[in-house]
Structures are given as structure tokens and as C-alpha cells.
**Student:** 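Let me begin by handing over the structure; questions about it come next.
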Number of protein chains: 2
Amino acid sequence: MTRASAAGTHAMRAQIELRERILSGELPGGMRLFEVALAEQLEISRTPIREAMSHLAEEGLLERVRGGGFRVRSFAFDDVMDAIELRGVMEGTAARLAAERGAEPAALAEMQRLLADLDKCFGAEPGEVDFEAYSEHNSRFHAALAALPGRRMIEREVARATQLPFASPSAFLPDNARLAAFRLSLNVAQEQHHALIEAIEARQGARAEAIAREHARAAQRNLRHIFSDDRALIPRVPGLGLVTQP
Amino acid sequence: MTRASAAGTHAMRAQIELRERILSGELPGGMRLFEVALAEQLEISRTPIREAMSHLAEEGLLERVRGGGFRVRSFAFDDVMDAIELRGVMEGTAARLAAERGAEPAALAEMQRLLADLDKCFGAEPGEVDFEAYSEHNSRFHAALAALPGRRMIEREVARATQLPFASPSAFLPDNARLAAFRLSLNVAQEQHHALIEAIEARQGARAEAIAREHARAAQRNLRHIFSDDRALIPRVPGLGLVTQP
DNA sequence: CGCCACGGGTTTGCATACAATTGTTCTTGC
DNA sequence: GCAAGAACAATTGTATGCAAACCCGTGGCG
């Protein structure tokens, strides 16, 4: 070996490189990945390639093929809808448990701080939003929500449910900035953030769970809109490129 | 290769062997696994060992350690409670979606058949149950429930939630046969099975979801009972050996 | 006409040697 | 006495060659 590359080990670099190629659609869903071919392309040996593919299978982007090897996992429209539904279910469970069992005061104070950060992203005029900042703080808010019950199993499994790129809470944010309708929908989303924390503080478990689920359904609406009316946006939303077109 | 072992590849055999050692408690939670040591013990090279450990990490029994390598995942009592809660949440989601979206008539007929099979496990006297058969049919029932919405993403993720041995729908069945209280609780469980299918057929999504969740909470009660009153049973329930004692 | 056996090419499975990295312990200087 | 650093040991990371399994086409035979 000449030298370890920037991103630590060769396996890590391969993992990052392959992830990019999958998300960009360069390696389309259903395609089988051959170790030797990839090893030649990335100019490393088969061993770190296998390691990288194994990680990507854990991540949900690859699936193991009967008889050995991997193939790029393919997602139909329904799969994406279900993944978002499950994200809502898992975040809803975290919210409910935080309400039922009671969250740490310090953690709740942190949620209030994150809410305030999100509020600051909205300007005076309706439709005036700092998207970069909103997206950033939104991710933090959802991560903190998963940790709110103070249970590592919950936090871990919520993180897993938000792992696929199109199931992430910020999946439909950055690139839809242009559309006025999407901009206004952020006011609704932020209202839901406030109601969610209010419900948790009031120990209203069922309400908190329902709000979190409904919050995720906004992403389902965005997805449906993109696929039925605005397919030009598909390549602009991260991970949507690997959804098989009907 | 000298001898192809019974279970296909060496990696598979190693995976099975390691899984057994973890579940039996021979490799306790938190213990780091070293490739060379295991390779010598199992008389194979490091390569299939790594492959096996990677699979077990996907399965949730191992976790990757910072700086490389694996360690046996350790589960506290709370983790097991949460895993069962999440199993209930996921099965509840499958039940709700089956009710809301409507399941295939053929699939519903199959559920009725599985219900009848379970009914047949109960004898005339109260407390007279064929445990072997009940356990078997119970697994089938829960697997079919996950498939009822007809969505592969749902089926896959429910399967994942039932994957840890103590989170499985049959985890507390076989070895608790001795205790009369457990035997009687099976009547309650079977009543819930019936109500669940009734709710799904009547398109009562919220009811179906609530029943499935409550159904899982019986396992939580069993777990609590075992840990507070009957710790002698701990080694007899699969996977409970790897729960760290408080 | 269909089925099975066989062959060759393709791909993964496995072992092994060596490199790189990490963690640890001992030393040395202050 | 303590901290910084250097040598060392332990462990994983990587490359590579060979073996085995698999896939697919082809030809022989029932």
C-alpha cells in the first residue's frame, strides 16, 4: 500500500464512493456489483471492496444476493412511501415514550432552544425562509427528538428508520426551495414541531405520537406531488434517483 | 478447500457457531471478539470470520467497535423492554395498514386457517395446551401478519424488529410451559389473535394497531416477572442469557 | 422433443503474508 | 512525581493466488 487516503481506510473510501454512485443513479437499482470490476475501477483490491459492500448492505443500500455477492437495492414508489410511513411511526413512538415516561428537563430545554433556532429561520414576510439554516436545525431537532426518551434502543432504531436518504426528515427540504407551495408548508411543519413539544411536556402521549406521524406525512405528500406533477425534480432530491420509475 | 462443512460455506458455519456461543452466554455482552483467536478456535482463516461477524452485526448481535473489530452487543433490561415495545409497534403498524388498505381475501383466509390451527392446540380442560404446536403456529401467524399489507418494506422491517431472540413473538413460549400462569395467559393471547383479525377484516385500523401492541406487552409482563420473581428461568429463555444483570 | 450431463468461463470463498495502525508500557527529561 | 515520547506488542487492513461454486450453453441420449 502506498498510503492511506484522506478518508481513513480504503474500505471507507470505497464505501463513500459507492454510496455516491448509488445515490446518483450511476449504479441503478437491481444492478449486481462485481468485486473484481469495482476493485479495478477504484484501484484497490477485492478485500476492502467486500468490506465496503458489507457496510452498505447494513445501511440498506445494497442487498445480499443468494449464492453470494451484492446488488443495488431497488426501491419502488410504494417502498419509499412505506419507508416514510415507518419513519413517522418510529418518531411517533419516540415522542409518545418521551411523553409517557417524562423527559429530562435539560433535554426539554434543549428542544425549546432548537425550536427557537427554527423560528429564527422565518423572515417577516410569508414565504421568506432561510433554507440552509432550517434544514440544518431541522435535522438537529429530529435527532434530539429520538434521544428524548433517554433510551439507547429507541434512539438507535429511530436513527435506522431515518437512514435511507429519502426517508430522512430533511429529504425534501433543500432542493424544493424554489416552489412557493413548499415554502409555505414549512410554516405548517414548524407549527407541528411546536405542538409536538407542547404535547410531550403535557405528557399527552397519544397526541404527541399522532403529531409526529402526521408530520412525516407531509413528506409523503411532497413525494406524491413530485412523482405525479413535477418529475423534473426527481433528480434534485437526494436518493430519489434510485427509485424505479413506474 | 479440504472439507465442505455441512452448513455450506465456512463463513456460514462460523456465523452459526458464534451465534450459539453468544446466545448461550459463552461470549458475554461487551466482550470483544478477536479475529485471530476465533480463527484458531474454529480452525478456519480470518476471512470467513470477518464475513460471519459482519452478518452478525447486521443481525444485531454484534456491534462494530471504533478503530475496527467487533464486540458482543450487551442488552440491559430496559433494552429488552424497548425491543419488545418496538416489536409491538411494528406489528401494530402492519395490522393497521392491512386494515386501512384492505388485505387480499386469500391472505385473510390464510389467517383464519392459522387461527383455527392455533385453536386446535387448546384441549378441553383449561390449562391443557400443546406447546410445541402452539409455538410453531404462533410463529407462522405472526409472519403472515407482517405480510398481510402486501408491502415488502413493511414485511422486511417487521421481520427485523422480531429478529433479536428475546423480541420474537415466541420468545417466552417454550420454556415457560411448566408455569400454570403462563399456560392460562395463552388463552388471552389467542383471544387477542382472534380480535386482531376481526379488527382487520372490519377495517378498524386503530383497533387492530392497539390490539397488536397490547399483545406484545404480554411479553413485557413475562419478562418483568422472570426478572423480578423467577430469575431461575433466565437461562431457559432463548437470548435472555445475554442480558446484563442489574 | 425434452432432459440431463458435462464443460468452460465467471465469480465468490478462503488462506496467507505483509503493511499499517492502535494501544500500551517503559523510559527519559523536567 | 509526572508528562511526553519512543519502542513494542497486539490487532486489524490490504493484496493476492488458488480453490470451489455457480451459471449457462451445448451436445448426447432416452
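No experiment lies behind these values; they were computed from the predicted model shown. So you know, we letter chains A, B, ... as the sequences are listed, proteins then strands, and number each from 1.
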**Student:** Start at the 5' end of DNA chain D and walk down; is the nucleotide closest to B:F70 or to A:S45 reached first?
**Tutor:** B:F70
**Student:** Tell me whether A:R21 is salt-bridged to A:E17, with the criterion being a basic N under 4.0 Å from an acidic carboxylate O.
**Tutor:** yes
**Student:** What is the distance from CZ of B:R71 to C1' of D:dT12, rounded to the nearest Å?
**Tutor:** 16 Å
**Student:** If only atom types and distance count, is the side chain of A:T93 paired as donor or acceptor with the main-chain N or O of A:V89 below 3.5 Å?
**Tutor:** yes
**Student:** Less than 6.0 angstrom separating the ring centers of B:H193 and B:H142, yes or no?
**Tutor:** yes
**Student:** State, to 0.1 Å, how close B:G60 and B:R73 come at their nearest heavy-atom pair, and which atoms those are.
**Tutor:** O-NH1, 3.0 Å
**Student:** Would the number of heavy atoms belonging to other residues, nucleotides or ligands and lying under 6.0 Å from CD of A:E104 be above 12?
**Tutor:** no
**Student:** Less than 4.0 angstrom between a side-chain N/O of A:H10 and OP1 or OP2 of C:dA20, yes or no?
**Tutor:** no
**Student:** Can you name the salt bridge (charged side-chain N to carboxylate O under 4.0 Å, His left out) partners of B:D130, sequence neighbours left out?
**Tutor:** none
**Student:** What are the residues of residues 46-66 of chain B, sorted by number, that bring a heavy atom to within less than 4.0 Å of DNA chain C?
**Tutor:** B:R46, B:T47, B:P48, B:R66
**Student:** Give me the atom names and distance for the closest heavy-atom approach of A:E58 to B:E58.
**Tutor:** CG-CG, 3.1 Å
**Student:** For the pair B:S168 (side chain) and B:L164 (backbone), establish whether a donor and an acceptor sit closer than 3.5 Å, ignoring hydrogens and angles.
**Tutor:** no
**Student:** Whole-Å distance between C:dA19 C1' and A:I44 CD1?
**Tutor:** 15 Å
**Student:** Please list residues of residues 28-36 of chain A whose heavy atoms come under 4.0 Å from any atom in DNA chain C, ordered by number; otherwise none.
**Tutor:** A:R32, A:L33, A:F34, A:E35
**Student:** Starting at CD of A:Q15 and ending at P of D:dT14, how long is that distance when rounded to a whole Å?
**Tutor:** 12 Å
